Amino acid sequence: MARIQLENVTKRYKGMKEGRAAVDHLSLDIQDNEFFVLFGPAGAGKTTVLKTIAGIEFPNEGLVKIGGEIVNLIEPMYRNVSMVFENYALYPHFSVYDNIAFPMRSPLHKKDEAYIQKAVERVVKMMKIDGLYDRKPSQLSNGQRQRVAIGRCLVREPKVFLMDEPLAHLDAKLRHFMRGELKEMQSAFNTTTIYVTHDFMEAMSLADRIAVMNNGKIEQLGSSLQMYYTPVNEFVARLFGEPEITIFPAELSSKNGRLGLKALGQEQPLFPEKDAGHALQEAGAASVDVGIRGIDIQFSLAPQDASWIKGAIYAFEPIGNKVIMTADVKGEKIRIAAPNSTSADLDEAVYLKFNMKNALFFDGVSKTIITHKK
Ligand code: ADP
Ligand code: MG
């Protein structure tokens, strides 16, 4: 149980280009017992953050604190953190049981065998691998191996769990199941957890709070709903939601004294809500990008009047619980969430209407948010 703080941490690996850093003046304050998710694309610096907390990498600048104590100079084994890596390494010549028991047999955290047996039994039950005690890693499926690795991470009662994409190699169904299990486990364990993923569904379903990382920095910190409804910029908006939000450029125009947005080559401007219109005028941005999510687009395959935007079906992808339909409007690809019952042919005409109440507006140059529904 511990609060984790990073204060202005910078990590540059040897050979990195001038001015580049894997982690760049990053500060974080993670509460005791929080389930904290680091989310972002490959290369963002997520693994490096975990490694500086674990003590496997040392920051060039800044402080790392665990439970209020500065640990910059403390060796990994004395930090009492438990980490599971994406490329989990099990000991090939050890059985499942011995692999999981291993951390409790290390000199520093040594426990007696009766204690170990209880602890191993507890985690194997949770991980649903209790029938596999005597198997060697080579006799396990990838998913089972990954669960053994997670089990080994969970078997101790460290101050912090650090999990680096622990479910990345599982198939979709097992991943979904394990997500639920991990969440439950974490609340049972009362241990601070920092969890790395590049899967937004995983991030949203697990996290108390999420930090979106990009280029060694935090783009936004908040709850999953904040990321979805109030992203600070286009980068964050694009990461959350399926289908990906559509963002297209627009020009401010005025029609009968009302602010409109000329976009997508349409005669008819799009009209933002009154409050959003005021905010856009106040911001005085030279250009505006409009973001609209797939569920905020109404569509019709039958012809509609000029207030609808005409496009052509560009792609049609059933994904199980819905269909992601992409329309081409003057070269702009608009992604729509359509019900499963939808059927449409490629190149078929489609008419769209945007629910502008839920639109997001970004500065066309800085790509940061101007206004959105609160
Ligand atoms: P993520 O986990 O978000 O994918 P990483 O923390 O692994 O990102 O990497 C961040 C950046 O640091 C990347 O540009 C990566 O190439 C670089 N990097 C990571 N590890 C090393 C290393 N050992 N030596 C040099 N560069 C590294
Ligand atoms: Mg990584």
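Note that the structure is a prediction, hence the values are computed from the model and not measured.
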Does the side chain of D24 reach to within under 4.5 Å of the side chain of N215, using non-hydrogen atoms? no
For the residue pair D289 and F361, establish whether any side-chain heavy-atom pair is separated by less than 4.5 Å. no
Can you list the residues that meet the salt bridge (charged side-chain N to carboxylate O under 4.0 Å, His left out) rule with D98, with sequence neighbours excluded? R105
What about F161 and Y195, are their ring centers closer than 6.0 Å? no
Please determine whether a side-chain nitrogen of the Lys or Arg among [X] and [Y] lies less than 4.0 Å from a carboxylate oxygen of the Asp or Glu.
{"X": "K46", "Y": "D164", "result": "no"}
{"X": "R3", "Y": "E34", "result": "no"}
{"X": "K65", "Y": "E69", "result": "no"}
{"X": "R293", "Y": "E244", "result": "no"}

R79 and side-chain contact (heavy atoms from CB on, under 4.5 Å): which single residue from I53, V160, I74 fits? I74
For atom NZ of K322, is the number of surrounding heavy atoms from other residues, nucleotides or ligands below 6.0 Å larger than 12? yes
Tell me, which pairs form a ring pair (Phe, Tyr, Trp, His ring centres under 6.0 Å) where one or both residues lie in residues 274-320, sequence neighbours left out? none
Can you confirm if the NZ or CZ of [X] lies within 45° of the ring axis of [Y] and under 6.0 Å from the centre of its six-membered ring?
{"X": "K173", "Y": "F177", "value": "no"}
{"X": "K118", "Y": "Y115", "value": "no"}
{"X": "K367", "Y": "F235", "value": "no"}

Got a second to check how far M126's CE is from L154's CG, nearest 0.5 Å? 6.0 Å
Starting at CZ of R209, measure out to CG of D29 and round the result to the nearest 0.5 Å. 7.0 Å
